[in-house]
2 protein chains.
Amino acid sequence: MATKKKTTIKDIANVLGITPSAVSKALSNHPRISDKTKTAVLQIAQNLNYQPNHLASALRKGKSNLVGVIIPKANSHFFSSIIEKIEEVLNEKGYNVIIAQSNESYNKECKSIDALLYTQVDGIIASMANETVKLDYYEKIKSKGIPLILFDRGENDLNVDYVGIDDYLSSHLVIEHLVEQGCKRIAHIAGFSHTRIYKNRIRGYRDALEKFGLPIEDSLIIESNLGIEDGRRIMQQLLEQKNKPDAVYAAGDYAALGALQVLQENHINVPEDIALVGFTNEPFTSLVTPSITSVEQHSEQIGKVAAETLLKRLDSPNEKVSLNKLILPAELIIRSSSKKLINNIL
Amino acid sequence: MATKKKTTIKDIANVLGITPSAVSKALSNHPRISDKTKTAVLQIAQNLNYQPNHLASALRKGKSNLVGVIIPKANSHFFSSIIEKIEEVLNEKGYNVIIAQSNESYNKECKSIDALLYTQVDGIIASMANETVKLDYYEKIKSKGIPLILFDRGENDLNVDYVGIDDYLSSHLVIEHLVEQGCKRIAHIAGFSHTRIYKNRIRGYRDALEKFGLPIEDSLIIESNLGIEDGRRIMQQLLEQKNKPDAVYAAGDYAALGALQVLQENHINVPEDIALVGFTNEPFTSLVTPSITSVEQHSEQIGKVAAETLLKRLDSPNEKVSLNKLILPAELIIRSSSKKLINNIL
DNA sequence: TATTTTTGTTCAAACGTTGAAACAAATATA
DNA sequence: TATATTTGTTTCAACGTTTGAACAAAAATA
């Protein structure tokens with residue numbers, strides 16, 4: 001009972017009086033091995049409760065069949081469903097997934113990368129921490145020749161495959177919808193513009209306003225980290241302006257929620273007085289009252305494409321496939337917080 | 001640029017004109033190696049950008065320094081913060097963490113266990129899927145002599161270490177609080193009683209009612225999977241009863257949220273007409289209006305203790321330490337949904 | 001100075017699996 | 001019947017690291 005010796009390929013070989021090599025080949029269904037031997041090996045393997053030693057085969061084959069996934073925070077529907085999908089696609093192909101959380105910290109992200117490299121992962125799929133500006137550790141991955149796929153939060157300069165949504169177009173969808181509702185003064189609670197995705201949302205917001213002939217006022221665009229507190233603070237700020245907005249487009253759902261709280265505390269009707277739109281379609285947006293209109297990023301789709309792109313790279317490591325920048329369409333989910341009655345009557 | 005050969009211990013040895021074995025010993029700070037050699041090795045290792053091959057050392061040492069963590073769903077604050085803490089504690093000791101999601105499915109759980117065993121993890125920390133009744137795969141882990149720690153959702157019969165909160169006592173805290181608010185007819189939206197933790201919450205609820213001399217009515221205890229839809233359905237059911245409850249204690253926050261929605265739709269004042277308490281203290285409980293009273297399970301604490309318990313098992317694998325059933329205290333976080341004004345006036 | 005101990009290193013085998021090459025036996029082709 | 005091909009297996013080295021044993025040289029003890 002004390003020290004259970006694990007059964008190895010050698011044990012099976014001994015039982016059958018054949019060579020370990022023959023057993024190995026039988027297990028991997030090598031064409032040159034007779035069916036008789038194969039079934040015998042399988043039988044004994046089962047009897048002895050044989051489990052292949054991944055470490056040994058990985059070492060020998062120079063391939064671990066492990067893929068690392070780095071995310072800022074598992075604690076969000078967006079990321080957890082992406083992971084779920086990545087796992088699904090990769091497991092299918094015999095890969096196992098190691099998940100590492102950066103907790104939005106550059107330091108933790110570097111540590112995670114080192115840990116994954118140490119574990120000899122065959123590839124890495126990552127979404128960068130908000131904090132990350134230096135790309136040295138990502139360069140390190142590249143320099144080791146390990147395939148790297150970025151999603152959602154990715155830097156252009158890195159020159160690696162990227163999967164994300166069309167943030168620019170998403171802003172257009174939002175503004176178009178708000179304009180249809182009759183809104184004329186649309187504020188934007190923005191993310192920090194040093195991050196590409198937030199920069200694109202801002203750009204989309206500005207261009208869409210211009211397209212619809214609405215004025216662009218800098219006082220209506222305020223950057224933040226998009227947390228709930230930021231949403232509250234900025235909404236208060238907006239309400240203090242002499243010329244209040246009649247709609248607020250937040251680049252994140254938590255910021256939108258904070259804004260909603262402030263609006264309700266001030267007895268401002270949503271959407272009648274001020275319409276509200278968020279971004280990411282976190283589950284709570286449909287749970288609060290009024291439910292919040294938001295942008296669905298089709299996370300499963302992002303996860304699927306990211307995983308498939310990685311598989312492609314793993315299958316043909318030397319092939320000089322041109323870089324993939326995969327930009328998926330997002331979808332506006334219209335809910336109570338922006339659906340004015342006027343619209344229902346029409 | 002094409003195929004970067006990784007530097008091995010052998011390369012370092014060649015440069016210095018010594019043996020790979022000496023290099024290995026130098027790197028692991030073996031006492032018999034001279035300081036001169038050690039610094040030289042470290043220097044060259046750095047120059048050549050040497051990264052130890054985890055696979056090889058794991059194979060040789062029979063230890064992977066990998067720990068598997070199985071959770072039902074990363075998409076919840078409770079589990080994601082537990083993981084964060086587990087990672088923190090284990091990384092400290094040189095372990096890396098592989099996370100697997102069961103998505104509450106028994107099948108996926110089995111697959112995850114196989115994947116982890118295949119990867120040769122040194123230990124496993126797990127919280128079981130709701131669906132899981134058969135324990136064969138967990139027995140498999142035990143039979144391989146791999147340390148197993150369960151947390152939150154664990155079965156008693158398995159005879160392994162367990163970390164969780166005192167569900168029985170938690171129900172007492174809830175009922176005590178509601179009684180203090182003057183509630184006399186307290187309903188319980190329960191989890192399925194085949195799961196130990198929900199059974200204990202039900203038991204605690206009954207015993208507490210008895211303790212305070214309140215009647216126990218079976219029509220007020222309804223089991224469910226605690227999703228938001230279940231919360232809605234059951235709340236509706238409760239409202240249809242001739243003798244309505246004046247408080248509802250849900251064994252999960254999502255069920256509580258569903259209940260809250262129905263109460264608001266029926267213009268029933270919370271907490272004045274019916275007080276409401278949830279369980280798990282998901283972040284949204286403080287975000288909705290009114291904010292929902294809930295039970296905080298101190299997830300970081302659970303994660304910390306689970307990780308530390310595993311470390312103990314890993315350090316002394318043969319030691320026949322008695323089983324640890326660690327039951328941590330929970331805390332009632334009182335919010336608007338149950339704080340009647342009467343209390344504030346006093 | 002002779003002997004023991006310590007110090008620093010090398011040797012060789014091992015961890016479990018794999019795959020190219022070698023080989024013998026069986027079968028097919030000439 | 002002689003030769004070529006196919007089939008099923010074994011041999012052997014390798015993947016990169018670790019470790020106990022062996023060994024020589026240096027230092028300490030007698």
Side-chain angles (χ1 to χ4, degrees), chain A residues 3-42 44-45 48-66 94 117-122 144-145, chain B residues 3-42 44-45 48-66 94 117-122 144-145:
Chain A
T3 30
K4 308 226 165 199
K5 268 262 130 283
K6 295 198 183 147
T7 40
T8 74
I9 240 174
K10 216 171 166 180
D11 299 322
I12 303 178
N14 286 339
V15 172
L16 291 173
I18 58 175
T19 271
S21 160
V23 174
S24 167
K25 290 189 172 73
L27 288 171
S28 58
N29 203 24
H30 188 109
R32 277 289 198 61
I33 298 292
S34 70
D35 288 349
K36 202 189 66 185
T37 311
K38 279 178 187 168
T39 50
V41 166
L42 252 35
I44 303 294
L48 298 184
N49 192 22
Y50 167 75
Q51 294 277 146
N53 186 327
H54 161 252
L55 260 22
S57 86
L59 173 60
R60 174 65 231 252
K61 298 206 279 200
K63 192 160 187 281
S64 68
N65 279 295
L66 255 29
L117 292 178
Y118 175 68
T119 316
Q120 314 274 125
V121 294
D122 292 336
K144 288 205 181 301
Chain B
T3 29
K4 307 225 167 199
K5 271 261 129 283
K6 295 196 182 148
T7 40
T8 75
I9 239 173
K10 216 172 164 178
D11 299 323
I12 302 178
N14 287 339
V15 172
L16 290 172
I18 58 176
T19 272
S21 154
V23 174
S24 168
K25 290 191 169 84
L27 287 171
S28 57
N29 204 23
H30 187 108
R32 277 291 197 66
I33 298 290
S34 69
D35 288 351
K36 201 188 68 186
T37 312
K38 279 178 187 168
T39 50
V41 166
L42 251 36
I44 303 294
L48 299 184
N49 192 21
Y50 168 74
Q51 295 276 147
N53 186 326
H54 161 252
L55 260 20
S57 84
L59 173 61
R60 175 63 231 252
K61 299 206 280 199
K63 189 158 188 283
S64 69
N65 279 297
L66 254 31
L117 292 178
Y118 175 68
T119 316
Q120 314 274 126
V121 294
D122 292 336
K144 289 204 179 303

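What you see is a predicted model; the values in this text were computed from it and never measured. Residue numbers begin at 1 in each chain, while the letters A, B, ... track the order of the sequences.
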Point to revise | Within residues 49-59 of chain A, residues whose heavy atoms come under 4.0 Å of DNA chain C | key: A/Y50, A/P52, A/N53, A/A56, A/S57

Review point. Below 4.0 angstrom from OP1 or OP2 of D/dG8, is there any side-chain N or O of A/T37?
Key: no

Review point. Near DNA chain C, under 4.0 Å by heavy atom, which residues of residues 12-34 of chain A?
Key: A/S21, A/S24, A/K25

Point to revise | Residue pair B/Q51, A/Q120: steps toward the side chain to side chain contact (heavy atoms under 4.5 Å, CB included) verdict | key: CA-CA 10 Å; B/Q51 295 276 147; A/Q120 314 274 125; 5.8 Å; no

Practice item. Would you mind reading off the distance between B/K10 atom NZ and D/dG16 atom C1', rounded to a whole angstrom? Key: 9 Å

Review point. Rounded to whole angstroms, how far apart are CG on B/D11 and C1' on D/dC15?
Key: 13 Å

Got a list of side-chain donor-acceptor pairs under 3.5 Å for residues 9-22 of chain B, not counting sequence neighbours?
residue, atom, partner, partner atom, Å
B/D11, OD2, B/T8, N, 2.7
B/S21, OG, B/K25, NZ, 3.3

Practice item. Would you please name every residue forming a side-chain hydrogen bond (donor to acceptor under 3.5 Å, both in side chains) with A/S64, sequence neighbours left out? Key: A/D122

Study note, to complete from the structure: Residues passing the side-chain contact (heavy atoms from CB on, under 4.5 Å) test with A/S57, sequence neighbours excluded, are A/K61, B/Y118

Study note, to complete from the structure: What one should report as the nearest heavy-atom pair of A/L55 and B/T119 is CD1-O, 4.3 Å

Review point. For the pair made of OH in B/Y118 and P in C/dT17, what is the distance, rounded to whole Å?
Key: 10 Å

Study note, to complete from the structure: So NZ of A/K6 and CG of A/N49: to nearest 0.5 Å the spacing works out to 11.5 Å

Check your understanding: For B/N53, what residues pass the side-chain hydrogen bond (donor to acceptor under 3.5 Å, both in side chains) criterion, not counting sequence neighbours?
Key -> none

Could you tabulate the donor-acceptor pairs under 3.5 Å formed by side-chain atoms of residues 29-36 of chain B, not counting sequence neighbours?
residue, atom, partner, partner atom, Å
B/N29, OD1, B/K38, NZ, 3.0
B/S34, OG, B/T37, N, 3.2
B/S34, OG, B/T37, OG1, 2.7

